[in-house]
Each structure stands twice: as structure tokens, then as C-alpha cells.
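First the structure, in the form of C-alpha cells, and then the observations on it.
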Amino acid sequence: MNAYKHIPLIQVVENIIGLDSTMRFAAIIDLKGNILESIMKEGKTSLKSQKEEEHFCMQVAQRRKMRKEFDRTLGKVRYVNVERERVSQIVIYTRRKTIYFTMEPEVSPTKKMSIINRVKKITSHL
């Protein structure tokens, strides 16, 4: 049984943000693109406005639907990683939710994979 199964969504994002000092932001998004819960790491400032964040999350949901078209031929998406100059953006799909989090750029691939795997474990019940 998943140890995280019965914890509130706010605690899930707090657990994600607390995984590593390089974490910046974490959100749980429903399939329509609505932010169900999100948190910015204490001491970090958002690179996007609230309106931009909401718009971005809507686009994350749209991209998920677009990527689903190729599930049969290519397999399901494990995660999406976008490297930008100022931030690393990572998206993980669970059965009914989308997990979106950002990290400081220039995190080693090994460290990033470790964090992604821990986030998958924390959110596997969603």
C-alpha cells in the first residue's frame, strides 16, 4: 500500500518541494488544466505571474491530450523535461492528475532522475 495515499494534496506538494534544495515550485493539476494545489519554495520568487502560471497549466493539460495520441505506437509518457536558461520544468502524468514542478537549472541528470523517481513515488496514488 502507498504510504502517501491518504495525505492531503497540500501535503503532497509540500513533500515534493521539500525533496531537494534546488526545487522552486510544485503544482498538482487536474486533467482540465486547473491548479488544484501549488506551492512556491520559501525564499524563491516566481518567474511567472499568477495569470501566466494558470495559462501555462492549461497548456500543460492540452499537451497531455496531444501526447496521448501517440501512446499506442510509442508508449505512455514517463515524464517531460524542459530545460530553460532560468529554470528546469518537469511534468509527470499520474492516472488522474498532472504533476508539474520546477527546479533550478543546471541540476545533473542523475540528481534530476532521482528527484523525478521520488516524485513519482509520492504521487503514484493520484
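More than 12 heavy atoms of other residues, nucleotides or ligands shown are found within 6.0 angstrom of CZ on F56. Dense packing is recorded around NZ of K44, with more than 12 heavy atoms of other residues, nucleotides or ligands lying under 6.0 Å away.
Atom CZ of R64 is separated from atom NZ of K32 by 14.0 Å, given to the nearest 0.5 angstrom. Between the CD1 atom in I7 and the NE2 atom in H125 there is a gap of 6.0 Å [rounded to 0.5 Å]. Here the straight-line distance linking atom CZ of R84 with atom OG1 of T102 works out to 11.5 Å at 0.5 Å rounding. Here CD of E53 is found 5.5 Å from CD1 of I35. Values are rounded to the nearest 0.5 Å. Note: I28 CD1 to C57 SG = 11.5 Å, rounded to the nearest 0.5 Å. A distance of 11.0 Å separates CD of E37 from CD of Q11, quoted to the nearest 0.5 Å.
Proximity of T123 to K97: side-chain heavy atoms (C-beta onward) are nowhere separated by under 4.5 Å. Annotation: side chain of I115 is not in contact with side chain of I90 (no heavy-atom distance under 4.5 Å). Using a 4.5 Å cut-off on side-chain heavy atoms (C-beta onward), L19 and I122 make contact. Residues V80 and Y93 are in side-chain contact: their nearest non-hydrogen atoms beyond the backbone lie under 4.5 Å apart. Using a 4.5 Å heavy-atom cutoff, the side chains of R63 and V91 are not in contact.
Both I17 and F101 are members of a single hydrophobic cluster when ILVMFWY side chains are connected at heavy-atom separations under 4.5 Å. In this structure, I10 is not a member of the same hydrophobic cluster as Y100, with clusters built from ILVMFWY side-chain heavy atoms closer than 4.5 Å. Residues M23 and V60 do not share a hydrophobic cluster, clusters being chains of Ile/Leu/Val/Met/Phe/Trp/Tyr side chains in contact below 4.5 Å. Linking Ile, Leu, Val, Met, Phe, Trp and Tyr residues whenever their side-chain heavy atoms come within less than 4.5 Å places Y79 and M103 in a single cluster. Connection of V119 to M40 is not established within any shared hydrophobic cluster, with ILVMFWY side chains joined at heavy-atom distances below 4.5 Å, either directly or through further cluster members.
Between R67 and D71, the shortest heavy-atom distance links the atoms O-OD1, 3.5 Å. The shortest non-hydrogen separation linking E85 to P105 is O-CG, 3.6 Å. Pairing each heavy atom of A61 with each of L31, the nearest pair is CB-O, 3.6 Å.
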Going through the checks in order, is the side chain to side chain contact (heavy atoms under 4.5 Å, CB included) test met by N34 and E54?
CA-CA 7 Å; N34 301 305; E54 289 170 4; over 6 Å; no
Run the numbers on I16 and I39 for side chain to side chain contact (heavy atoms under 4.5 Å, CB included), then give the verdict.
CA-CA 9 Å; I16 293 169; I39 191 168; over 6 Å; no
From CA spacing to verdict: side chain to side chain contact (heavy atoms under 4.5 Å, CB included), I99, V12
CA-CA 10 Å; I99 314 305; V12 174; 5.9 Å; no
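T22 places no side-chain N or O within 3.5 Å of a backbone atom of E104 that could act as its donor or acceptor partner.
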